[in-house]
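What follows is one structure encoded as C-alpha cells, with my remarks underneath.
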Amino acid sequence: MRSANQIERRRQRRRRRRRRILSSGLYNTVMAASTADSWSWFPALALGVSFLKCLMINSYHSTDFEVHRNWLAITHSLPVSKWYHESTSEWTLDYPPLFAWFEYGLSHVAQHFDKKMLVVQNLGYASPATVLFQRLSVIATDVVFIYAVRECCRSVREEKGSKDLLVRPYFILAALLLWNYGLLIVDHIHFQYNGFLCGILLLSVARHLQGRHLEGAFLFAVLLNLKHIYLYIAPAYGIFLLRSYCFTKDNTDGSVRWSSLSLVRLIALGSIVISVCALSFGPFIAMGQLPQVLSRLFPFKRGLCHAYWAPNIWALYNVVDKALSVGFLRCLVVCALCSFMFGWHVHEKAILMAILPLSVLAVESREDAGIFLMLATTGHYSLFPLLFTATEMPTKVLLILLFTLYSFTSLKKLFRGFLLNTLEVTYLLGLIAVEIICEVVYPLLPWKQTLPFVTLLAKSVYCSLGVSYSFIRLYLSILRPTDKPKEL
Amino acid sequence: MDTWSLLSICVLLGLTTRWAVSLNSYSGAGKPPMFGDYEAQRHWQEITYNLPVHEWYFNTTDNNLNYWGLDYPPLTAYHSLLCGHVASLINPDWVELHTSQGFESSAHKLFMRATVLIADLLMYVPAVVLYCFYLSEGSNRKKVCLVLCILLYPGLILIDYGHFQYNSISLGLALWGVLGLGLGWDMLGSLAFVLAVNYKQMELYHSLPFFCYLLGKCFKQGMGLCINGNFIAVTVLVTFTLCWLPFLTDPGQVLQVLHRLFPVGRGLFEDKVANTWCSLNVLIKIKTILSTDTQLYLSLAATLLAALPSSIKLLTKPTLWQFKLALVNSSLAFFLFSFQVHEKSILLPALPVCLLLGDLPLPAVWFLQASTFSMLPLFLKDGLFVPYAVTSSAFVFYSVYLLSALEHSSEEELQLKSLSLLPFLSQSPGQFYLSVAAMAGLSFMSVALAPPARLPDLFPLLVSVFSFLHFLGLLLYFNVVQIAEPPSPRRKNPKKTE
C-alpha cells in the first residue's frame with residue numbers, strides 16, 4: 001500500500017521528466033531524441049551574432065562609412081537629376097540606381113537620428129548618433145541575410161544518422177553563414193552592406209535550388225541593380241537559367257536538346273530582368289543621364305571588360321554542355337573565384353562572394369569541405385590588413401580563431417575524419433608564422449623604414465597561393481567527368 | 001562535437017564580448033579635473049612606480065591623497081607597480097610623476113584595456129572553467145553551457161572592461177579559493193582567498209563563510225585532530241605577513257594603510273546604492289538623524305544579524321552546497337546592511353550566485369540581471385548604455401535558453417518543497433518576465449526621458465529602490481534554501497555523465 005506522499009512524488013517525477021524532454025533549451029535538445037525538427041536554435045544563433053554586431057558599434061570604421069553617409073546626404077538633399085552629377089565629396093555615387101533608392105529610403109530614418117549627417121557639405125561628419133544609425137542600418141538590413149540563410153538551410157540534404165543537433169548539416173551551415181568571419185569584419189567593423197547584398201544572392205540561389213526559378217531570376221536582377229560587381233557571376237546565372245529552365249528537355253546522353261527551347265519561359269525570364277532594370281535605370285534614361293551613370297559605374301571601361309570576360313567565358317565554355325551535371329552552385333563559386341583571380345580592380349572583400357556559396361557545398365560533400373577550409377581560412381586571413389588599427393587586433397584575432405576553430409571541428413565531425421592532407425595543414429599553419437613575422441618580427445628590423453610595404457606584399461603573395469590552389473581544385477571538380485544526377 | 005572545442009569556442013566568445021565592450025568609453029573619460037576610476041588606476045601606477053614604498057599611503061608633496069589616493073590593500077599596489085614598469089617601457093609619459101596626471105590617449109587606453117584582459121585571462125577565466133568542470137554537475141555539454149553563461153555575466157564585464165577596474169583579479173582569486181576548498185585542498189584555497197582579501201578589502205564580505213566552513217570542518221573532525229586547522233592558520237598568517245612585509249617595519253605604516261582601507265569617517269553611504277540604508281533614507285533621513293558613530297554601530301549590528309543564521313548553519317553543516325549558499329547570503333547581507341557600500345560591491349554576491357547558475361538557474365539569472373540593472377546609473381554616467389543593453393539582453397536570453405531556467409522552476413526544483421510561506425514564487429516564470437520587462441522599461445526611460453525638475457534624481461532612485469527590493473527578496477529566498485535544507489543528503493537532479 002503506497003502512501004499518498006509516495007504517489008504524489010512519483011507523479012511529480014514523471015511530470016518533471018516529461019517537461020525536461022519537451023523543453024527547448026539547447027542542452028535538452030541535444031540530449032533528447034525527439035526534437036530534431038524544432039528550429040528554436042536558429043533564432044538563438046541569429047540573435048547571438050546580432051548582439052555581437054551591436055557590440056562592435058564603436059569600433060574602427062573605414063572611409064566606406066563616409067561614403068555611405070555621403071550617399072545618404074546626396075539622395076536625401078538633392079533632386080534625382082543631380083544624384084549622379086554630384087561631386088562635392090570625392091566619394092561619388094558609383095553604385096547602380098536601386099542602391100541609390102535604398103539609401104534614399106534609409107535617409108528618411110536617418111533624419112530622426114541626426115539631421116546634420118544629411119547635409120552634403122558635412123564631409124567626414126561622424127557624430128555618435130550618425131555612427132549609431134549607420135551601424136544599426138547594417139545590422140537591421142542583415143535580416144535579409146538571416147532569412148536567406150534559413151532558406152538555404154532548408155534546401156540542404158538531411159542526414160538521418162546522428163541525433164546530435166550540433167553535427168547536423170543545416171546547423172553547421174547556419175553557423176558558418178550567420179557567423180561568417182568575413183562578413184562580420186567587413187560589414188560591421190570596416191563598414192559595408194555586404195550582408196544585405198549577399199543575402200539577396202543566397203536567397204536567389206535558394207530559390208533556384210527550390211525550383212522557383214522566376215523568383216530567383218528576379219532576385220538576381222534586383223541584386224545586379226544594387227551592386228554591379230555581381231555582373232561577374234551573371235554568366236553563371238545566365239547560362240544555368242538558359243540551360244535548365246529555358247531548355248525543357250535533355251537528350252539521353254545529357255547534352256542539350258536545342259529543339260526543346262521554351263519561348264514562353266525565355267520571354268518570362270527576359271521580361272523580369274528587363275523590367276527590373278527598367279525600374280532602376282528608367283528615370284535616368286528618361287532624363288538622358290544614362291552615359292553619366294554608366295561612366296560612374298564603370299570608371300575604367302576598357303580595362304574592366306577585357307581583363308575578366310576572357311578567362312570567365314573560357315572557364316564557362318567548358319561547362320556549357322555539362323551545366324546541369326556540374327551544378328549551378330558550383331558554377332557560381334567558380335565564376336566568383338575567376339573574377340577574384342583575374343578581375344579588374346578587385347577588392348580583397350570580393351573573396352566573400354566565393355566563400356559564402358561555397359559554405360553550402362561544404363556541408364554536402366567531403367571534398368568541398370576540404371576546399372572550403374582552405375579557401376575560407378586563407379581568404380579570411382587575407383582580410384586582416386583591412387583592420388590595421390592596434391585596437392582591432394584582438395577583435396580580428398579572436399574572431400578568426402572562433403570561426404576557424406568552429407569550421408574545422410564541425411566539418412571534421414560531420415564527415416568523420418580529416419579533411420586536409422599534411423601539406424595543406426602545413427600551409428595553413430604557415431599563416432600564423434606569416435602573421436607573427438609581419439606583426440612582431442619585421443617591425444623590429446631596420447628595413448621597416450625603407451620598405452614598409454613588404455609585410456602587405458608578403459601576406460598577399462602567401463594568401464594568393466591558397467586561393468589559387470582552391471580555385472584550381474574547384475575548377476578541376478567541374479572538368480571531371482561525372483555521371484551523378486543533378487547535384488548542387 | 002568534442003567538449004574541448006566547444007569549451008574553446010565558449011571561452012573565445014567570452015573574450016570577444018569583453019574586448020568588444022572595452023572599445024567603449026571608460027569612467028571619467030575627458031572629464032577633468034578629477035576624471036574617474038581609469039585615471040585612478042593610472043595614477044596608482046605613477047605613484048608606485050616613482051615613489052618609495054613607505055610613501056605610497058601617505059600624504060606627501062609628491063603624493064596628494066585627495067587626488068585618488070591609494071585605498072586598496074598592498075597587492076593592488078604591487079600590481080600597479082608591475083603595470084607601471086610595463087607602461088614606462090612602452091611610453092614613459094604615461095607614468096611620469098606629476099606631468100602624467102589626466103593623461104589620455106588611444107594608445108594608453110589600449111594598454112590599460114590590455115592589462116585588464118591579461119589579468120582576466122590569467123586569473124578569472126581559468127577559475128571559471130575549472131569550477132564548471134570539477135565542481136558542478138551535469139553532462140559535459142551542460143558544463144560548457146555553464147561556462148558560457150558565467151563568462152557572459154554583464155555586471156563584471158561592464159565594470160572591468162567598461163568603467164575600468166580589476167575585479168577579475170580579486171573575484172578570480174576568491175573563486176580559486178572556493179575551488180581549493182571544494183576540491184579538499186584547504187590550504188591552497190585559504191592561500192588564494194587571503195590573496196584576494198589582500199587585493200581588495202571588500203573580499204572580507206566573503207570571509208565569514210570561508211571561516212565558518214573551515215571551522216565547521218574542524219569541528220566535524222574533532223577539535224583535537226584538527227591539525228589542518230593549524231596549518232591553515234599558519235598559511236593565513238604567513239601570507240598576510242608576506243603581503244604586508246614592506247609595511248611591517250613601522251606600526252605607523254600599518255595604521256595608515258588600515259585608515260585608508262576603512263574610511264569610517266565617510267558616512268553610511270554615498271550616492272545612490274541599492275542597499276537598506278539608502279532606500280530607508282527615502283522615507284527617514286537617517287543620515288541626519290543619527291550620528292556617525294551610531295550609524296556605524298547600527299550597520300555593524302544589522303550586518304552581523306543578517307549574516308548570522310547562514311553562518312551558523314554552515315558551521316553545523318560544512319558541505320560545498322552550504323558553502324556556496326553561505327557565500328551568497330553573507331556577501332548579500334554585507335551589501336545590504338554594511339557601512340560605506342558602493343554599488344560596484346554587488347559583484348561580491350554576484351560571483352557566488354554565478355556558481356549557483358547550474359543548480360538554481362531561475363533565481364540566479366534573476367539576481368544577476370537585477371545586479372547589472374542596479375548599476376545602470378553608473379553605466380549611464382560612463383556612456384555605456386549600448387553595451388549594457390546588449391550584454392544584459394544576451395545574458396538573459398542565453399542563460400534562459402541554454403540552462404532551461406524557466407523549465408526548472410517547479411516548487412521542488414526551487415528547493416521550496418517544505419515551505420509554503422513563499423507562495424509568490426509559484427508564479428515564477430511570469431513574475432520573472434514582468435520583472436525583466438520593468439527593468440528594460442526603466443532603463444529606456446532613464447536614457448530617453450528627462451526627469452522632472454523637482455526630482456532630478458528620480459530615475460537613479462527608482463533603479464536603486466527597485467533593485468533593493470529584488471535583493472531583499474532574494475536574500476530571504478537564498479537564506480530559506482540554505483537553512484531549510486534537511487539533514488539528509490540533498491536530492492539533486494540525476495547526474496548525467498558523458
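From a predicted model like this one, the values you see are computed outputs, not experimental measurements.
- Each of A:Thr395, A:Asn58, A:Leu402 has some count of heavy-atom pairs under 4.5 Å with chain B, and the biggest count is that of A:Leu402.
- For chain B, the nearby part of A:Ile57 is the side chain; its heavy atoms alone come within less than 4.5 Å.
- Interface residue B:Leu6: only side-chain heavy atoms are found under 4.5 Å from chain A.
- Here the rule is side chain to side chain contact (heavy atoms under 4.5 Å, CB included) with A:His380, and of A:Leu184, A:Ile400, A:Leu399 only A:Ile400 fits it.
- Salt bridge B:Arg113/B:Asp160: absent, no basic N to carboxylate O contact under 4.0 Å.
- When the candidates A:Pro394, A:Cys54, A:Pro128 are compared by the number of heavy-atom contacts under 4.5 Å with chain B, A:Pro394 comes out ahead.
- If you check the side chains of A:Asp187 and A:Gln192, you find no donor sitting under 3.5 Å from an acceptor.
- Contacts between B:Ile9 and chain A at a heavy-atom distance below 4.5 Å involve backbone atoms as well as side-chain atoms.
- With respect to chain A, the highest number of heavy-atom pairs below 4.5 Å among B:Ser106, B:Pro387, B:Ser25, B:Ser393 belongs to B:Ser393.
- Of the options A:Leu55, A:Val49, A:Asp142, a side chain to side chain contact (heavy atoms under 4.5 Å, CB included) to A:His188 is made by A:Asp142 and by none of the others.
- At a 4.5 Å heavy-atom cutoff, the contact between B:Val390 and chain A is made by backbone and side-chain atoms alike.
- Heavy-atom contacts from other residues, nucleotides or ligands closer than 6.0 Å to NZ of B:Lys109 number more than 12.
- Contacts of A:Leu52 with chain B are made by side-chain atoms alone, with heavy-atom separations under 4.5 Å and no backbone atom involved.
- The aromatic rings of A:Phe113 and A:Phe133 sit tilted relative to each other, their planes meeting at an angle between 30° and 60°.
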